[in-house]
K.L.:
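Attaching a single structure in structure tokens format; questions to follow.
Computed from a prediction, not measured in an experiment: that's the story for all the values here. Note that ligands are numbered from 1 as they come in the structure, with each ligand's atoms numbered from 1 the same way.
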Amino acid sequence: MAAHETPPGVPPEPARTEPVSSDQQPPIPPLAGLDLEGLRDLLVGLGEPAYRAKQVFQVVQNHGVLDPHRMTALPIALRERLAAATSPALSPIEIQTSSDGTTKFLFALADGKRVETVLIPEGDRNTVCVSTQVGCPIRCVFCASGVEGLIRNLSTAEIAEQMLHVRAHLGERPTHIVAMGMGEPLLNLPALTGAIRLWVEHDGLGFSPRRITVSTAGTPSKVDQLIELQLGVNLAISLHAPNDETRARLVPGSPAGRTAGLIEAGARFARETGRDATVEYVLIAGENDHPEHAEDLARLVAGRHIHVNLIPLNPVSHQPELRAPSSLAAQGFARRLHERGATVTLRRQRGDDIAAACGQLALERSVGEA
Ligand code: SF4
């Protein structure tokens, strides 16, 4: 049974506007997006000694304390100055927890737009799945995030702060971060890179980049940009179809005719960075789960050291005819891949009682309030 928490006074989502660039920051900087240098500049500008920057950075990034009034290690006057000079990037407006522990957070942004973040507990792992855009230009047929296309990029602060809210909710640091929520991460790479640099900074959370995974459904050239940045993170290719024809149908916003090129880019990523590259493949009954799809997929990844994660579809309300294959059919697909030399994991559905499919909660709330 899902648990709902809806704080009072939540503003209605405003009417859809034209795309807004992520560099249109509000005049007061969000605290969660400031690196050490930015904090130093801010504090010195407020008449505070520069050494306070490291102290504030640790409290925000390592302990996830976002409200300056709650930074009890700081003098009261500094807390008040900091509160007046910075702003939150996100306001939590709803939290749903599934019977399997998966927890979905819905946040309102300063302009009233909404994004989701998901916490996925599994054994001793706590994985946070962050969003990088409002909406998504890739428009996968099974995904609620893509229904309205791209609305805007998130800023570094809006990406970084999602993780800090989840960290505060959890009461401890998560073990893994995946940029696999709403949006195509590699189309907002500068802002995402800023967030990753905040998470891995030793004076803050000191998160290992090896435990961060960036996903893409996009273009090989963007994967090459990620390689050049040398962030030390892993790559997940959201493939969902093993050939151009099926991919054009299921992932219509991805560049046409580039399925094999994307896999080649993934192999290049693994070779040149030494980090993992995986293929994510959402299994949809009758759409991409035929034996010939398994054959095509096995050929694509053959000899490339790319692990395949099969994920049975989470139901989405805007496409009720799409459904996951039976568990027997999913196991048969995985077995066929395995027999052809691929390394495969068949994942289980998570949080299907809390609208856990990507973008589902934001879409339902947006439609409900329209
Ligand atoms: S699954 Fe990912 S890439 Fe596809 S529409 Fe949803 S958010 Fe975009």
K.L.:
At a 4.0 Å threshold, what atoms of ligand 1 neighbour a non-hydrogen atom of Gly181?
P.N.:
7 (S)
K.L.:
Answer yes or no: does atom NE2 of His69 have more than 12 heavy-atom neighbours from other residues, nucleotides or ligands under 6.0 Å?
P.N.:
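Count over threshold, so yes.
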K.L.:
Which salt bridge (Lys or Arg N to Asp or Glu O under 4.0 Å) pairs, counting each pair once, include a residue from residues 196-222, with sequence neighbours left out?
P.N.:
Lys54-Asp203
K.L.:
In terms of ring plane angle, is the pair His169 and Phe105 parallel, tilted or perpendicular, where the classes change at 30° and 60°?
P.N.:
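Answer is perpendicular, since the angle exceeds 60°.
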K.L.:
Got a sec: does the CD of Glu245 have more than 12 other heavy atoms crowding it under 6.0 Å?
P.N.:
no
K.L.:
Of all the atoms in ligand 1, which lie at a distance below 4.0 Å from a heavy atom belonging to Cys140?
P.N.:
1 (S), 3 (S), 4 (Fe), 5 (S)
K.L.:
Salt-bridged, Asp296 to Arg299, with N to O below 4.0 Å?
P.N.:
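Salt bridge: yes.
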K.L.:
Hey, is Arg139 touching ligand 1 through its side chain, its backbone, both or neither, going by heavy atoms under 4.0 Å?
P.N.:
backbone
K.L.:
With heavy atoms of Gly183 as the reference, note each atom of ligand 1 found under 4.0 Å away.
P.N.:
7 (S)
K.L.:
Out of all atoms in ligand 1, which are within 4.0 Å of some heavy atom of Cys143? Include the element for each.
P.N.:
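Reading through ligand 1 atom by atom, the close ones are 1 (S), 5 (S), 6 (Fe), 7 (S).
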